[in-house]
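These notes concern the structure reproduced below.
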2 protein chains.
Amino acid sequence: MYICSMYSKELVKGTLNVIVLNLLSQNGRMYGYEIFSRVKELTNEKILLKDGSLYPALQKLTKLGLLTVEEEIVGGRKRKYYNLTEEGTVRNQEYLIEIKDFFQTMSIVLSPKTIKA
Amino acid sequence: MYICSMYSKELVKGTLNVIVLNLLSQNGRMYGYEIFSRVKELTNEKILLKDGSLYPALQKLTKLGLLTVEEEIVGGRKRKYYNLTEEGTVRNQEYLIEIKDFFQTMSIVLSPKTIKA
DNA sequence: TTTAACGCATCGTTAATCTATGTATCAATA
DNA sequence: TATTGATACATAGATTAACGATGCGTTAAA
């Protein structure tokens with residue numbers, strides 16, 4: 001899996017957690033590769049999560065108590081299904097509020113017509 | 001100057017360059033502390049650039065040929081005025097396009113109602 | 001049988017940003 | 001007059017999220 005996002009790394013940085021948490025909150029039970037595929041599909045291949053980023057992130061979020069894992073064998077292949085915990089749900093809401101506020105603030109800073117004080 | 005942004009570091013990461021370039025493209029000639037103040041004012045203190053981030057960033061952008069510097073003494077204090085170069089103007093446009101596209105893409109990923117394929 | 005897609009893991013590196021600290025001027029204030 | 005806060009810039013070292021590279025194993029298709 002060698003892939004590359006159309007956005008500079010720096011931009012995408014800081015959004016991985018909220019992407020993962022939010023997808024899980026909407027779709028429920030998902031496994032890593034499924035998350036990768038779903039993001040790829042939703043973004044028209046504009047955001048391609050790196051597996052070297054995604055899998056460690058899922059492990060980290062689990063360690064933090066935001067996700068639960070269940071391992072299964074499906075079609076001879078190992079899968080790890082993740083689910084949001086209650087804490088994960090709360091954190092997702094917080095993240096969403098923060099990121100939306102941030103995007104709005106950024107659009108003000110970057111708006112072509114800002115009024116000088 | 002000890003300050004703290006209301007957003008998590010990770011989110012703001014990757015947006016410093018475009019903030020600086022875009023402010024300069026709108027306001028023309030500005031100095032570091034002025035950029036800090038302007039962003040603070042525009043964002044209602046939600047984004048407070050750290051001086052340990054801003055000044056190195058200005059130096060880096062200058063080294064990259066995106067900015068020019070002129071040093072002046074104003075009111076007994078040293079100021080370094082920055083301006084966009086042509087290359088900086090082009091880069092700013094590219095950054096703007098990228099970040100707006102990215103924000104739109106993110107809003108799709110994070111939208112509460114995504115249609116499953 | 002080889003390639004591609006599936007599915008997960010991990011080690012070492014990168015690089016943007018932060019923290020902390022330092023310098024110096026000026027205005028206000030206690 | 002001494003101190004604080006705002007103005008103005010600088011830098012060395014630490015942090016840390018994410019990345020690149022690599023590895024393992026399965027299944028299906030060419």
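Numbers restart at 1 for each chain; the letters A, B, ... are given by sequence-line order, proteins then strands.
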I'd like to know whether B:Arg29 forms a salt bridge (Lys or Arg N to Asp or Glu O under 4.0 Å) with B:Glu70, so could you lay out the CA-CA distance, the side-chain angles of the two residues, the decisive distance to 0.1 Å, and finally the verdict. CA-CA 10 Å; B:Arg29 185 180 154 86; B:Glu70 309 158 30; 2.9 Å; yes
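- Here B:Gly52 lies in heavy-atom contact (under 4.0 Å) with a base.
- Applying the 4.0 Å criterion to OP1 and OP2 of C:dG7, one finds that A:Arg79 has a side-chain N or O inside that range.
- Residues A:Lys78 and A:Ser53 both approach DNA chain C. Their nearest nucleotides, taken by heavy-atom distance, put A:Lys78 toward the 5′ side.
- Between A:Leu24 atom CG and A:Tyr81 atom OH the span is 12.0 Å, to the nearest 0.5 Å.
- B:Leu49 has its CG atom 16 Å from the C1' atom of D:dT7, to the nearest Å.
- Across all non-hydrogen atoms, the minimal contact from A:Leu84 to A:Ser25 is CD1-CB, 3.4 Å.
- Residue contacts for B:Gly32: at a heavy-atom cut-off of 4.0 Å it reaches the sugar-phosphate backbone alone, with no base atom in range.
- Atom pair A:Arg38:CZ and C:dG7:P shows a separation of 15 Å (rounding to whole Å applied).
- Here OH of B:Tyr95 is found 9.0 Å from CG of A:Leu11. Values are rounded to the nearest 0.5 Å.
- Partners of B:Phe103 by ring-ring contact (aromatic ring centres under 6.0 Å, His included), not counting sequence neighbours, listed by chain and number: A:Phe103.
- Of the candidates C:dA5, D:dA18, C:dT19, C:dT19 carries the atom nearest the B:Lys50 side chain, counting heavy atoms from C-beta on.
- Projected onto DNA chain D by closest heavy-atom contact, B:Lys40 and A:Asn17 fall at different nucleotides, the more 5' of which corresponds to B:Lys40.
- The neighbour count for A:Gln104 CD, taken as heavy atoms of other residues, nucleotides or ligands under 6.0 Å away, does not exceed 12.
- For A:Glu72, the CD atom sits in a packed shell: over 12 heavy atoms of surrounding residues, nucleotides or ligands are nearer than 6.0 Å.
- For the pair A:Tyr31 and C:dG7, the criterion of a side-chain N or O lying under 4.0 Å from OP1 or OP2 is met.
- Per the geometry, CG belonging to A:Leu48 stands 13 Å off P belonging to C:dA5, to the nearest Å.
- Against DNA chain D, the stretch residues 8-16 of chain A makes heavy-atom approaches under 4.0 Å through A:Lys9, A:Lys13, A:Gly14, A:Thr15, A:Leu16.
- A heavy atom closer than 4.0 Å to some atom of DNA chain D occurs in no member of residues 56-70 of chain A.
- Nearest to the side-chain atoms of B:Arg77 among the listed nucleotides C:dT25, D:dA18, C:dC8 stands C:dT25.
- Summarising the geometry, the separation between CD on B:Glu71 and P on C:dA24 is reported as 15 Å, rounded to the nearest angstrom.
- Per the geometry, CD1 belonging to B:Ile73 stands 18 Å off P belonging to D:dT7, to the nearest Å.
- The nearest whole Å value for the distance from the CD1 atom in A:Ile47 to the P atom in D:dC19 is 11 Å.
- Contact annotation: A:Tyr55 side-chain N/O to C:dA9 OP1/OP2 distance is not under 4.0 Å.
- What separates CZ of B:Phe36 from P of D:dA8 is a distance of 11 Å, to the nearest Å.
- Here D:dC9 is the nucleotide among D:dA8, D:dC9, D:dG25 with the atom lying nearest to any side-chain atom of B:Asp51.
- For A:Lys80, taking side-chain heavy atoms from C-beta onward, the closest of the listed nucleotides D:dT27, D:dC9, C:dA9 is C:dA9.
- Counting heavy-atom neighbours within 6.0 Å of B:Glu71 CD, excluding the residue itself, gives a total above 12.
- To the nearest 0.5 Å, atom CG of residue A:Leu21 and atom OG1 of residue A:Thr85 are 8.5 Å apart.
- We find the CE-CD1 distance between B:Met106 and B:Ile99 to be 12.0 Å, quoted to the nearest 0.5 Å.
- In this entry the distance linking OH of A:Tyr82 with P of C:dG7 reads 14 Å, nearest Å.
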